[in-house]
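Notes follow once the structure below has been shown.
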There are 2 protein chains.
Amino acid sequence: MKITIKEIAKEAGVSIATVSMILNNKDKNITHATRVRVLDAVKKYNYVPNAMAGSLVTQKTHIVGLILPDITNPFFPGIARGAEDKANESGYSIIFCNTDDKLEVEEKYIETLTKKMADGIIIAHSSGSEKMSEILERCKVPIILIDRDFYSEKVCGKVLVNNLEGAYKGVSYLINKGYTKIAFLSGSLKTRTARDRLDGYKKALSDNGLEYDEKLVKYGEYKIEWGKDGVNELLSETRQFDSIFCGNDLIAIGAIKELKKNGYSIPGDVGVMGFDDIYLAGLVEPSLTTVRQPNYKMGYQAMELLLETLNDPDKKNNNFKEMEIITLDTEIIERNSI
Amino acid sequence: MKITIKEIAKEAGVSIATVSMILNNKDKNITHATRVRVLDAVKKYNYVPNAMAGSLVTQKTHIVGLILPDITNPFFPGIARGAEDKANESGYSIIFCNTDDKLEVEEKYIETLTKKMADGIIIAHSSGSEKMSEILERCKVPIILIDRDFYSEKVCGKVLVNNLEGAYKGVSYLINKGYTKIAFLSGSLKTRTARDRLDGYKKALSDNGLEYDEKLVKYGEYKIEWGKDGVNELLSETRQFDSIFCGNDLIAIGAIKELKKNGYSIPGDVGVMGFDDIYLAGLVEPSLTTVRQPNYKMGYQAMELLLETLNDPDKKNNNFKEMEIITLDTEIIERNSI
DNA sequence: ATAATTTAGTTAAACGTTTAAGTAGGTATT
DNA sequence: AATACCTACTTAAACGTTTAACTAAATTAT
């Protein structure tokens, strides 16, 4: 037989209200004897309260959604882990979702999470389309944006990385090391991160008196394959370069592979710099000098921000006037590709 | 105002039962006109049913727990993704949990999942201790074991990898390539996987007329550091070896790094073989020949098995007499470290 | 001694669904 | 013409909690 609060109440000879109060630490006015009787009954029957039933009345599930493009992409496990750790510390659980950066999947997940009454959502969304705006607007629970920025009144917080400054630092580092012909294998300009990093790249060049040469900048996907293809594009053109700043580590790894294949030594002939500092970065040959994003911290802080919002009574009524934006700084990790 | 099924019923001029039936496709006996009225009301108010409330009566949340040691370990994201994909296809959501292989954390998560009324649980558990047995026994929902075996009556299914055969295949491959002095950097014998792989290693040797030399076998952790340390142990002893079979890819990567550091060329001087085929394996230098575990498939099939159990009326009453065990085969991935 | 307050509970409504059982009118069957 | 069976719904109970409002007894204050 399934045992509920009723059985416990009967066993202990009290009302279910008393049991509920004791189990929720609202038991100032309960005698020690009663408490012991109830707790004994709980143990005897190995009773575990049904949180869903409680949620129905409290309107809180202590479940939050975490929507990411793909946990299989080495960039995301750190974020997931950070978010999960914080959630767990605070008694929350995470429902996690992979979207493959597809808008319709994001939409579906947000609806599912709404149905299942998630208390809030953290999302690394795909795009800044009009549709995205609508979807966010329609969502009834607090939303935190992570990693990818997007303007929306509805959003109640953001945890971002200072991509412009990261790229600026990275390229400045290259310049300090004496490189002057710095190519850039960027991700797609459709992404905000790529645009910001491009701006950082340009700014670093101009602040250091170097000229921006659009022939040295190529756009592709944040993947190893693009690193290879990008290098080939660069090599097939006449333009000289002594180093490559890459949109992320995967591109950098692909670039290194292809450069080596073509007989170039790294960093001897060409310096290569990555972005992200994924787990791989320290293990490839040569190990990758890169701009680290504080992955774990990003996840952790996003969850922290969400939980603050959930527990702040002022914000209860979707009254998110003062959206909080946390911008985390990057850090240069010096290894052997420069 | 929060809108519920009542508002929809009122708007459409029907009872809430009718709305519920229409929304759950139990609407054989509903006229087209009524259906349209209801659906219009749903759209007008942008109504999303509260799944928790439904769960209370159906006793199904369509939520399952996925308990893994650490999503940050490159071995696990594939499993998580496979499980999530299958769950998503079938209208289920995953709550995911990282245990760092700590028994007390596993216990806590299982309780949380029970409270939140997960319909079932998939777990890659830490150990085969007595305590684990108790914990599983106490858990009221179907449990699937993944990756790590453990005997328990309570468990209703397992998805495992044939580690013995995997190691056998791997070592046989080495032998076929002409290696005869094959060292083994194993994981800890506390883990079942390590014991199985050791058995496979021994069997491959004896089946091929090679002698088992315990001096060539070293035990450590499934980590890069152990790969380095293990190589140093091997080198510091007089015993000769022409190749190393490694307990997993991380060990292999560490081993390769350390061998190169000591001036050995791979695979020229020493062949190195891994186990797992994590994402990294194809990217290190030289790329790693390894025994692939079908990660994604493991997660996918574990979820498949769980959902079958959940939807099989015979198994409803915890009547899991015929536990299903799926053993997946490994596959040699030929790269350049052999 | 009486009133006011505190203590230690209980009662009952509420949360938002699903679903078994009921019903009224219409159609088909004998 | 009476009976059975559909059709298209409605009614009301149930799921397992939480919590506001109530109460009876004990204690304290006046």
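Just so we're on the same page: letters track the sequence lines, and every chain starts at 1.
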Counting only side-chain N and O atoms of [X], is one of them less than 4.0 Å from OP1 or OP2 of [N]?
X	N	value
Lys26(B)	dT18(C)	no
Thr31(B)	dA8(D)	no
Asn24(A)	dT18(D)	yes
Tyr47(B)	dG16(C)	no
Gln59(B)	dA14(D)	no
Ser15(B)	dT10(D)	yes

I'd like to know if the side chain of Thr114(B) pairs up with that of Lys140(B) as donor and acceptor (distance under 3.5 Å, no hydrogens or angles considered). no
Could you state the [atom1]-[atom2] distance from [X] to [N], rounded to the nearest angstrom?
X	N	atom1	atom2	value
Leu23(A)	dT18(D)	CG	P	7 Å
Lys6(A)	dA14(D)	NZ	C1'	8 Å
Met117(B)	dT17(D)	CE	P	8 Å

[X], nearest nucleotide to its side chain (from [options]):
X	options	answer
Pro49(A)	dG9(C), dT17(D), dC9(D)	dT17(D)
Asn50(A)	dT17(C), dG9(C), dT17(D)	dT17(D)
Ser20(B)	dG9(C), dT18(C), dG16(D)	dT18(C)

Assign each of Thr18(A) and Ala53(B) the nucleotide of DNA chain C bearing its closest heavy atom; nearer the 5' end lies the nucleotide of Thr18(A)
OG of Ser55(A) to CE of Met52(B), rounded to nearest 0.5 Å, is 7.0 Å
The reported gap from CZ in Arg192(A) to CG in Asp149(A) (rounded to nearest 0.5 angstrom) is 4.5 Å
| message | Using modelled atom types and a 3.5 Å cut-off, is there a donor and acceptor pairing between side-chain atoms of His125(B) and backbone atoms of Glu106(B)? | response | no
